[in-house]
Structure formats: C-alpha cells, structure tokens
Amino acid sequence: GMPALRQAIADWYKNRFNVELNPETEILPLIGSKEGIAHFPLAFLNSGDYSLVPDPSYPPYKGGTILAGGKPYLMPLLEANAFLPDIAKIPIKIRKKAKIMYINYPNNPTAAVAEKDFYRQVVDFAQKNKIIVISDLAYSEMAYNGYQPASFLEIEGAKDIGIEFHSLSKTYNMTGWRIGWACGNANLIAALAKVKSNIDSGIFSAIQLAGIAALNGPQEHINNMRRLYQERRDILVSGLNSLGFTVTP
C-alpha cells in the first residue's frame, strides 16, 4: 500500500481509538478485509491445528482455516452470554492445539457488541495459551444512540498477540471497491504480507487514492448514514415487538 494510505489509516486509528500504529510495520492495506482474513491462516496453521471460530460467524473464518489445513473449533454465541463466546468453556486439549482465535464485534450476524472487559479476558487467554487473536472490526461505525464501539487494540497487551482487520466497505460504502487493512502486531503483519506477496499484486492505485480521500476527508456522512440506519432499525424493532417478538435493539 502507498505510504500515504498507511499514514491515513494510522491517523484514523489515532483519532478514533487513540491507538498508535507504525504506518510502515503495523499496517497492511488489503484488497478488502475478507481476503486478509482468509489468507491469514496460511501463515500460521499447520495441518490439524485449530482455529477458535465464533458460531454463527462470517464464513471466511471457517473457510480460511479449512483451506490452510486447519480445523475450526466452534465457540457458540448464545443469548444467555450476550452473544460473546464463553472462552472458559474451551477444553484444555483444544487450547493446546489452537493457534488462532477470531472475534468480531460489533458482531455479524448477531449485532452484539463487546466491552473492554471482554477484550481484556481475550488478551489474557491468548497470552496464557499462546494463541493469535484476529479481531474483525468491520462494523465499528455501525453503532447507534451515541454508542461508540472500542477497538481490541485499545487493550494493553493486545498488540503483543493480535491484529485487527478493518474495511472501507461499511464505513465509506466502498463495498465493491475492495479496500481494507490489517493492523497491529508487526510480526503478524509481516507474515500476512509474505503470504499475500505470493498471491496478489496489491490494490489498484486509484482505489488507494480514493481510500486516502475517504479516511482524510470530512466524516459527517458517517453520522448521516448512522441516522438512516438507526431509523430503519427502530422501525424494524418496533414492528417485530408489535408482532409479539422480543427484540433487543
């Protein structure tokens, strides 16, 4: 990715989450976050290694694991646990064979959110069990009633064991343009870059320039988009509740 794009991403993270990232070593632009998420296991999974995958989840967590020769271990997301995985329930023998753990909040498809105390538990669990954490933060700006989701990288120690994926698809309505990034631990970023250098030749430069313009430009349209989405959500929720469903906004 262009130095200006990596710098724009670093500035966006600093402004939004107060997380410092080195543009040269801790940020890797991607052809959409999906390909990075799917390619990452190729760098770290040996045949028979496990990935800890939320269930239900965005398909590439499972697909990328299987393509790399690994096995997905499903972590149920249950309403009783606020749709957070119960990491204490992961069996010891799975922890020993697990290399990667995927987390995704705000969550697709449950729409649940995670607070910093959950991320703290994940960091401690990952450090103790020598597991790499992949946080998928694609929906960080899809939040309502003034709520602002946190970044996994805000937690002390998160950058020692994890990387976070982000995408311009949702925040800037650039879905088909295929532009996103991975950021966080420099060794993990370098490993993903090595896999990618054997698979693709980077992002079309015009789209990189568009990404820079989006990240550096006025952000007011995000508020407008949130207002529109919140209005639609509220209509859906009240409609479902009026039919006798019990829906948490």
### Query
Given K128 and D124, is the salt bridge (Lys or Arg N to Asp or Glu O under 4.0 Å) satisfied, shown in steps?
CA-CA 6 Å; K128 192 170 149 194; D124 294 344; over 6 Å; no
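Counting all heavy atoms, side chain and backbone alike, A114 lies closest to L84 at CB-CD2, 3.9 Å. Here the closest heavy-atom approach between residue G202 and residue D200 is recorded as N-OD1, 2.9 Å. Between T65 and P72, the shortest heavy-atom contact is CG2-N, 3.7 Å.
Distance check, rounded to the nearest 0.5 Å: OG of S51 to CZ of F40 gives 9.5 Å. Taking OG of S167 as the start and CZ of R178 as the end, the distance is 6.5 Å to the nearest 0.5 Å. Note that the CE atom of M101 and the CG atom of N129 stand 10.0 Å from one another [nearest 0.5 Å]. Separating the OG atom in S205 from the CD1 atom in I212 is a distance of 9.5 Å, to the nearest 0.5 Å. The distance from atom OH of Y58 to atom OG of S33, rounded to the nearest 0.5 Å, is 5.5 Å.
Ion pairing of K170 with E141 is absent here, as no side-chain N (NZ or NE/NH1/NH2) approaches a carboxylate O to less than 4.0 Å.
Within the 6.0 Å centre-distance limit, the rings of F17 and W12 are counted as a close aromatic pair. In this structure, F83 has its ring center no closer than 6.0 Å to that of Y105.
Note on I66 and L45: separate hydrophobic clusters, where clusters join Ile, Leu, Val, Met, Phe, Trp and Tyr whose side-chain heavy atoms are under 4.5 Å apart, directly or indirectly.
Ring geometry for Y13 versus W181: interplanar angle over 60°, hence perpendicular rather than tilted (30 to 60°).
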